[in-house]
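Side chains included, hydrogens not; waters and symmetry mates left out as well; all remaining heavy atoms used. Residue numbers begin at 1 in each chain, while the letters A, B, ... track the order of the sequences. None of these values were measured; they are calculated from a predicted model.
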Amino acid sequence: MVLVLALGDLHVPHRAADLPPKFKSMLVPGKIQHIICTGNLCIKEIHDYLKTICPDLHIVRGEFDEDARYPDTKTLTIGQFKLGLCHGHQVIPWGDLDSLAMLQRQLDVDILVTGHTHQFTAYKHEGGVVINPGSATGAYSSINQDVNPSFVLMDIDGLRVVVYVYELIDGEVKVDKIDFKKASTSTSAP
Amino acid sequence: MIADDDEKWLAAATSAVKQNAFYMQRAIDSNNLKDALKFSAQMLGELRTSKLSPHKYYELYIRASDELRSLEMFFRDETARGCSIAELYELVQHAGNILPRLYLLCTIGSVYIKSKDVAAKDILKDLVEMCRAVQHPLRGLFLRSYLAQVTRDKLPSIGSELEGDTETHMDALEFVLQNFTEMNKLWVRMQHQGPTREKEKREKERNELRDLVGKNLHILGQLEGVDLVVYRDTVLPRILEQVVNCKDELAQCYLMDCIIQVFPDDFHLQTLDVLLGACPQLQPSVDIKTVLSGLMERLSNYAASSVEALPNFLQVDAFSKLNHAIGKVVEAQVDLPASASVTLYLFLLKFTLHVHSDRLDYVDQGFGIKPSEHGSCVSQLSATGKLCDDKASKQIVAFLSAPLEKFNDVVTILKLTNYPRVMEYLDHDTNKAMAIIIIQSILKNNTRIATADEVDALFELIKGLIKDFDGLTDNDEIDEEDFQEEQNSVARLVHFLYNDDPEEMSKIIFRIRKHILTGGPKRLPLTIPPLVLSALKLIRRMRGGDENPFGDDTSTPQKILQLLTETVEVLSDASASELALRLYLQCAQAANDCELETVAYEFFTKAYLLYEEEISDSKAQVTALRLIIGTLQRMRVFNVENRDILTHKATGYSVKLLKKPDQCRAVYECAHLYWAEEGENLKDGERAQKIADAVQKMANASRGASSTGSVSLYVELLNKYLYFLEKGNPQVTGETIQSLAELIRSETKKAESGAGTFITSTLRYMEFQRQQEDGGMSEKYQKIKMEWFE
């Protein structure tokens, strides 16, 4: 069992002062093996904070990130899964699943994690799964009118990944989960 | 050497005491009064020594006084056997030397009191006065100490079985007071014995003896009949008289503290003027602040532990008295360093916060009132000017932090009119550090600053962070990282300046802007973004709410957007063009949502201008252009003409990007500008296709340069064709796709393309779509006739 935290679009300090306290108390160091971050932190303090939760931090560049050295896309393998990471402002039209699917084919990954819309989605299509963890701080978005703070925890176990989404709605943390399975260890196929 | 001698003498004296005690005991056992007296006198003779240090003398004294206990018991037994006490009392006075004589007198005297043959008061008076014969400080102190010790259980004290009427109580009181007075005099006299160079040593020795003197106060505290009235009218004045008149720093310090610790808190409360009145009369070298702080601390704890006592504090007006006392002390002691006077006010503040936490006016007073009245912190500080003294600065920070910690609510602090004035006296760095503390309090406690006026007050407090100090640009000295952290704190703060009411929130936005704009080019890129985003949130809320026909000008989306235009402009002047461009685009989307076409167009114009004139780095251009295209793609508010103009320009920019692949990508992204899901009039299939064709041509042209890059591009383009095919663009035909696929195939045959997996996954996708059960998709894909290849 490998736990991967996926989050992004925090927009600290431009659009939010910090992560919600209820989230912070859940994100305890030592429990998570990897963090993948869709970008738009925006400042070093948040980067450092994430590193304390887990030193294996993978991050891509959002358009407001202070550090210009983050890459535009990143791929990594965790267990049997290939994961791809991209903020999403590079894929036009923004939030369009077909266009994201194209990126997924290009990166050749089972799971594509992307952000920018501040809207949680977990979508299975021909090429694999696209996950958007939303905005961990519930930051304002010009794309999405109604944003709740959210993040995703993936439990990768063999050929199966369980996606837990945590959303802060009206002050309470609500959890939902979605199961995905891949057929074989070869390149992704439904 | 001296120490060794000391030990030697002590050893000799102790052995003599032991020996005489042995004989004395033997005499006692054989009821030999005469011998008992003889040997006890000899034993006590050892206490006449001048050779021992106070510490060693104490050891000797303990030994001797221990032995005297059996003598006392013997005396008691003798009187029980019929011996007359008065006679005994006479007999002991035959002892040759005065010191042993007096010790024996005290011993028998205590038995005498117990017998009740004579009035206790007479004996007590006799004893306390006869002890005057020993004027040597050390010996006199121990003698009187013995007197106190041996009479203690004969005085009517709390918990003892001795009853007494008021007269008895007063007699006992008088006795203890007198003994105390004499002991203090002896103790003080020690200071002046011996050469000046040994002053320190003497003070140390005196310190070792201080509890002998203090004991008397403890006894007073235990006496029956010492109620508030007696304490106020007799005990306290007498003690204070001695304390003040002795003019000795060591004694005054110790005894004041003793008084405060020994007697009950409500006594202190009721005699506050008297106690405080003594303070200015003490020696200048006495550490008054320790005394006063000890007092204030006790009273604070008293208030904290017994709620019923609280009204008394108000009744005696404790606060003003303390405030006044501090003022007088500071006035009297002109050399008092700033840190000391601040410490005093700090303790007063803590007292106020404990005792009168609901009285903000008291707290405010503590901070500073009119300079003419000498009871304020500010008036003290204004005399000294800005502080360069580290210690004083630390105290002031503690001073300013105390109410923050107590109330955990910056809004309450904002009500203290004198708070900002005290902050003025800090040097720049400390002022900024204090401002950060204030901000952190807000962040930690989730404090909401909800009105424009409160915003103003807050920014007044943190102005050290907001702008450069007059005349100084401390830019060079400041650490870059620290500066960023500071400004990020201010940025985070903006999110706590909030009101649900759109009108008030508008006002808040305007005020924040006013303050932030004084920050200068280094600060603006860090502080303007949160302001802009906060304003955009407000606009969204305004849209959600009802139109307010009575609202004033400031609370409409237009007005706010107008403000934002002017605000973001400032950023582009501050050479933060990329940031400004992003913010313009955010504003454009907000304008779009409000259906304000002209405003949205205006924002795009500004963004485009920035792009053309300020953004020259190629990577920055690629990203900026993507953002422009992405934003424009979502705009619904433009009429055909405006949209055309903007799209045409964007396409133009795309073609001019530095690197060919970037050009191609940007251009095919522009295709989406001609095709949007919602809105039929936005589906211009022809134009979309034209663009795609253009891309292909461009890709062809770059083929010579690097074929690997171009194959990848072709595959991307292929995917785009599929996209439009699926969306139903009639211009995308099976042939179009087939020919491109052919192209790809021939290219990959020539050389390794690096796009292998992309091709594979694309083909797989196409096959999948072809196989779709739902007819529509599969139909489209059937149009494509291709051979599969690896």
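- Residues A/Asp98 and B/Lys727 meet the side-chain proximity criterion, which asks for heavy atoms closer than 4.5 Å.
- Judged purely by atom type and a 3.5 angstrom limit, A/His14 has no side-chain atom pairing as donor or acceptor with the backbone of B/Leu526.
- Contact tally against chain B (heavy-atom pairs below 4.5 Å) for A/Ile143, A/Val91, A/Ile43: the top residue is A/Ile143.
- Taking all atoms of both residues into account, the shortest heavy-atom contact from B/Pro530 to A/Pro13 is CB-O, 4.0 Å.
- Of all the listed residues (B/Lys720, B/Arg582, B/Glu726, B/Glu669), the one sharing the greatest number of non-hydrogen pairs under 4.5 Å with chain A is B/Arg582.
- Looking at B/Glu578, there are no atoms closer than 4.5 Å to chain A (heavy atoms on both sides), in backbone or side chain.
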Query raised in the report: Could you go step by step and tell me if B/Phe758 and A/Leu107 meet the side chain to side chain contact (heavy atoms under 4.5 Å, CB included) rule?
Result: CA-CA 7 Å; B/Phe758 194 7; A/Leu107 296 175; over 6 Å; no

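- Proximity of A/Met102 to B/Tyr723: side-chain heavy atoms (C-beta onward) are nowhere separated by under 4.5 Å.
- Only the backbone of A/Ala16 comes within less than 4.5 Å of a heavy atom of chain B; no side-chain atom from C-beta onward does.
- The two atoms that bring B/Leu627 and A/Trp94 nearest to each other are O-CH2, 3.7 Å, heavy atoms only.
- With chain B as the partner, the residue from A/Lys44, A/Glu45, A/Gln145 showing the most heavy-atom pairs under 4.5 Å is A/Gln145.
- A/Arg105 forms a cation-pi arrangement with B/Tyr765, by the criterion of a distance under 6.0 Å to the ring centre and an angle within 45° of the ring axis.
- Among all heavy-atom pairs drawn from B/Gln586 and A/Ser142, the shortest one is OE1-OG, 3.6 Å.
- A/Lys24 NZ: more than 12 foreign heavy atoms inside a 6.0 Å radius.
- Atoms OG1 and NE2, on A/Thr137 and B/His495 in that order, are 8.5 Å from each other to the nearest 0.5 Å.
- In the displayed structure, B/Gln771 atom CD is contacted under 6.0 Å by more than 12 heavy atoms of other residues, nucleotides or ligands.
- A donor-acceptor pair is defined here as one N or O able to donate and one able to accept, closer than 3.5 Å; such a pair exists between the side chain of B/Arg626 and the backbone of A/Gln90.
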Query raised in the report: Would B/Leu536 and A/Tyr140 satisfy side chain to side chain contact (heavy atoms under 4.5 Å, CB included), going step by step from the backbone distance to the final call?
Result: CA-CA 8 Å; B/Leu536 291 179; A/Tyr140 170 91; 3.6 Å; yes

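- Between chain B and the residues A/Pro21, A/Ala17, A/Ala68, A/Ala139, the largest count of heavy-atom pairs under 4.5 Å involves A/Ala17.
- At least one side-chain heavy atom of A/Glu126 sits less than 4.5 Å from a side-chain heavy atom of B/Arg764.
- Around atom NZ of A/Lys174, more than 12 heavy atoms belonging to other residues, nucleotides or ligands sit under 6.0 Å away.
- Nearest heavy atom pair, residue B/His672 against residue A/Ser99, reads CE1-OG, 4.5 Å.
- Chain A forms more heavy-atom pairs under 4.5 Å with one residue of B/Asn592, B/Thr631, B/Leu531 than with any other, namely B/Thr631.
- To the nearest 0.5 angstrom, B/Thr760 atom OG1 is 7.5 Å from A/Asp108 atom CG.
- The shortest heavy-atom contact between B/Gly630 and A/Ile92 is N-CD1, 3.7 Å.
- Residue B/Asp593 touches chain A through its side chain alone, counting heavy-atom pairs closer than 4.5 Å.
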Report task. Check the pair B/Ser534, A/Arg15 against side chain to side chain contact (heavy atoms under 4.5 Å, CB included), reporting the backbone distance first and the verdict last. Result -> CA-CA 7 Å; B/Ser534 189; A/Arg15 306 188 194 185; over 6 Å; no

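- With values rounded to the nearest 0.5 angstrom, B/Thr757 atom OG1 is found 9.0 Å from A/Gln106 atom CD.
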Query raised in the report: Could you go step by step and tell me if A/Arg61 and B/Thr623 meet the side chain to side chain contact (heavy atoms under 4.5 Å, CB included) rule?
Result: CA-CA 11 Å; A/Arg61 195 168 76 97; B/Thr623 313; 3.2 Å; yes

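- Comparing A/Glu63, A/His89, A/Gln104 by how many heavy-atom pairs each has under 4.5 Å with chain B, the most go to A/Glu63.
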